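Structure first, commentary second.
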Amino acid sequence: MRVLLAGGAGYIGAHTAVALIEAGHEAVVLDDLSNSSAVAVERVGRITGTTVPLVIGDAAEDAVVAAAFDDHGPFDAIVHLAAFKAVGESTQKPLEYYANNLGTTYALLRVGIARGIRSFLFSSTGTVYSDPADLPFTETSTTSIDLSNAYSKSKRMNEVVLEDVARVNPALSVTSLRYFNPVGAHPSGLIGEDPTGIPNNLMPYVARVAVGSLERVGIFGDDYDTPDGTGQRDYIHVVDLAAGHVAALENAQPGYDVFNLGTGSPVSVLELIAAFERASGRELPREVLPRRAGDVAATYCDPAKAQAELHWQATRTIDDACRDSWNWQSQNPAGYASA
Ligand code: UD1
């Protein structure tokens, strides 16, 4: 397959590009580099021994997407990972988040369908599930659009759009992949997560404490109703997540479908910090802080549907993720800017 990866210079996109190429497919990256680096795309080339074309532009503009097809098409599939993703920022800039996160989908669908793609994969999130009584979440668990932030709402809104578009394009395969918490890095240490500014998410924050660029990990609450009182999440190694995209494309069926991509095993904040201490051989200073607004006690999925229908499952552990994340962070203490 020849695949257009919108947002392919980002954290999940770069790992997905590697997985596609290693599975024998061709990848072309379309990215505006607003929260990603061209260095990542060069390094995907280094890992795979290829040159990966990079089209720099806004995937929300039909003309940009059309030019990518003119210059690098035809494409069999589009993988859409081009979105703004900072949860806190999204509550302050809802219009920017809705315009970008939906606008990219509209343009990619309009142009992609006109140019005859067969499959469209969308990067969604496990935060669309809204009822903790449903844990572990299956694809039929209750979803809501009434979520705590514009980022999560934009993801659920996209799913609604995609389902309707699939209905009137019955030959097209449209798939939403609901990611749980992506962590880790490519074992080469060449690509990894490179958030701008102070990381919001736990794993990149812990990694920066380990390299010494941040002082201590703040634990957002230790009084949750969980075994050790800290929040539990379903951390999935980004290399497993990337393999999930390849499996979804290779097993794509006409119509709309949804798959959870997670491990199914909850890991607490304290367990993740302990795993990172083992991986780095460093003691990580920490302090307990109040709960973060909008956080839930626990979220994790039942990945059985992806296992049965995509023949995919996560195989890497939290220790693998911490080892690879440490390898990436210690080789690139300032991320791609270290290059
Ligand atoms: C967050 C987003 C979610 C997004 C996901 C991507 C929020 C509310 N949700 O999920 O929409 O899809 O990232 O991976 O931001 N924690 C600390 N200290 C920290 C950071 C986090 O204790 O410095 C705790 C949190 O309370 C939580 C766990 O670590 O229990 C994971 O947090 P985080 O990595 O931010 O992910 P989520 O909040 O699950």
Side-chain angles (χ1 to χ4, degrees), residues 7 10-13 15 35 81 83-92 97 101 122-130 132 135 137 143-145 147-156 158-159 176-185 192-195 197-210 213-238 240-241 260-263 266-276 284-301 318 321-322 325:
Y11 172 46
I12 298 167
H15 290 84
N35 185 29
L81 317 107
F84 294 155
K85 62 169 188 180
V87 170
E89 182 187 61
S90 79
T91 61
Q92 301 304 314
Y97 271 69
N101 292 5
F122 175 67
S123 135
S124 189
T125 169
T127 57
V128 300
Y129 297 117
S130 54
L135 282 170
F137 295 125
T143 59
S144 176
I145 207 141
L147 300 161
S148 66
N149 61 83
Y151 161 78
S152 300
K153 287 185 207 174
S154 78
K155 290 291 177 183
R156 180 63 197 135
N158 266 292
E159 292 189 347
S176 291
L177 299 177
R178 291 180 179 154
Y179 308 155
F180 281 74
N181 290 54
V183 290
E193 188 168 16
D194 184 20
I198 295 171
N200 296 307
N201 297 119
L202 180 62
M203 182 70 120
Y205 200 102
V206 167
R208 294 216 183 159
V209 173
S213 59
L214 289 170
E215 215 169 300
R216 65 179 76 83
V217 187
I219 297 169
F220 296 151
D222 67 352
D223 56 353
Y224 282 106
D225 184 16
T226 59
D228 67 19
T230 65
Q232 292 178 307
R233 295 293 183 271
D234 186 337
Y235 296 99
I236 176 168
H237 196 297
V238 67
D240 281 329
L241 186 68
N260 289 336
L261 295 184
T263 67
V267 168
S268 73
V269 174
L270 290 176
E271 288 169 335
L272 186 147
I273 295 172
F276 212 100
L284 302 179
R286 82 280 308 264
E287 69 180 317
V288 177
L289 298 175
R291 293 181 180 190
R292 179 172 65 181
D295 275 357
V296 294
T299 172
Y300 52 97
C301 77
I318 193 69
C322 290
S325 176

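Here the structure is a predicted model, which is why all the values come from computation and not from measurement. Order of listing sets the numbers, starting from 1, for every ligand and every atom in it. Values below: every heavy atom of this structure, side chains too, minus hydrogens, waters and symmetry copies.
Contact annotation: for Arg291 versus ligand 1, there are no heavy atoms closer than 4.0 Å. Contacts between Asn200 and ligand 1, counted as non-hydrogen atom pairs separated by less than 4.0 Å, involve the backbone only. The residue Tyr179 has no part lying near ligand 1, judged by heavy-atom distances below 4.0 Å. If you look at Asp295 next to ligand 1, the close heavy atoms, those under 4.0 Å, all belong to the side chain. Within the 4.0 Å heavy-atom criterion, the part of Val269 lying near ligand 1 is the side chain and not the backbone.
Judged by distance alone, the side chain of Asp295 and the main-chain N or O of Gly231 form no donor-acceptor pair under 3.5 Å. Judged purely by atom type and a 3.5 angstrom limit, Asn158 uses its side chain to pair as donor or acceptor with the backbone of Asn101. No donor-acceptor pair under 3.5 Å is formed between the side chain of Ser325 and the backbone N or O of Cys322. Between the side chain of Asn260 and the backbone N or O of Gly262 there is no donor-acceptor pair closer than 3.5 Å. With hydrogens and angles disregarded, no donor-acceptor distance shorter than 3.5 Å links the side chain of Lys153 to the backbone of Ser144.
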| task | Just do the side chain to side chain donor-acceptor pair (under 3.5 Å) check on Thr230 and Asp222 with the steps written out, would you? | result | CA-CA 4 Å; Thr230 65; Asp222 67 352; over 6 Å; no
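Regarding atom 3 (C) of ligand 1, its nearest protein heavy-atom neighbour is Thr127 CG2, 3.8 Å. Closest to atom 4 (C) of ligand 1 among all protein heavy atoms lies Tyr151 CE2, 4.2 Å. The closest protein non-hydrogen atom to atom 9 (N) of ligand 1 is Val87 CG2, 3.7 Å. Of the protein's non-hydrogen atoms, the one nearest atom 10 (O) of ligand 1 is Asn181 ND2, 3.8 Å. Counting only heavy atoms of the protein, atom 18 (N) of ligand 1 lies nearest to Gly218 O, 2.7 Å.
Atom CD of Glu287 is surrounded by more than 12 heavy atoms from other residues, nucleotides or ligands within 6.0 Å.
Atoms of ligand 1 found under 4.0 Å from any heavy atom of Ile219 (numbered from 1 in listed order, with element): 22 (O).
Atom 27 (C) of ligand 1 has its nearest heavy-atom neighbour, among Arg233, Arg286, Arg216, Lys155, in Arg233. Nearest-residue assignment for atom 14 (O) of ligand 1 (options Gly221, Gly294, Pro182, Ser152; heavy-atom criterion): Pro182. Counting only non-hydrogen atoms, the option in Tyr224, Phe220, Tyr205 that gets closest to atom 20 (C) of ligand 1 is Phe220. When the heavy atoms of Thr125, Asp234, Asn201, Leu272 are ranked by distance to atom 33 (P) of ligand 1, first place goes to Asn201.
Ligand 1 has an N or O atom lying under 3.5 Å from an N or O atom of Leu202, backbone or side chain. Checked against a 3.5 angstrom limit, the closest N/O atoms of Arg292 and ligand 1 fall inside it.
Residues Ser152 and Asn149 approach most closely at N-OD1, 2.8 Å, considering heavy atoms. Across Val206 and Leu284, no two heavy atoms sit closer than the pair CG1-CD1, 3.6 Å.
With sequence neighbours left out, the ring pair (Phe, Tyr, Trp, His ring centres under 6.0 Å) criterion links Phe122 to His80.
Aromatic rings from Phe84 and Tyr97 are positioned such that their centres are separated by under 6.0 Å.
The closest approach between Tyr235 and ligand 1 falls below 4.0 Å for a heavy atom of the residue.
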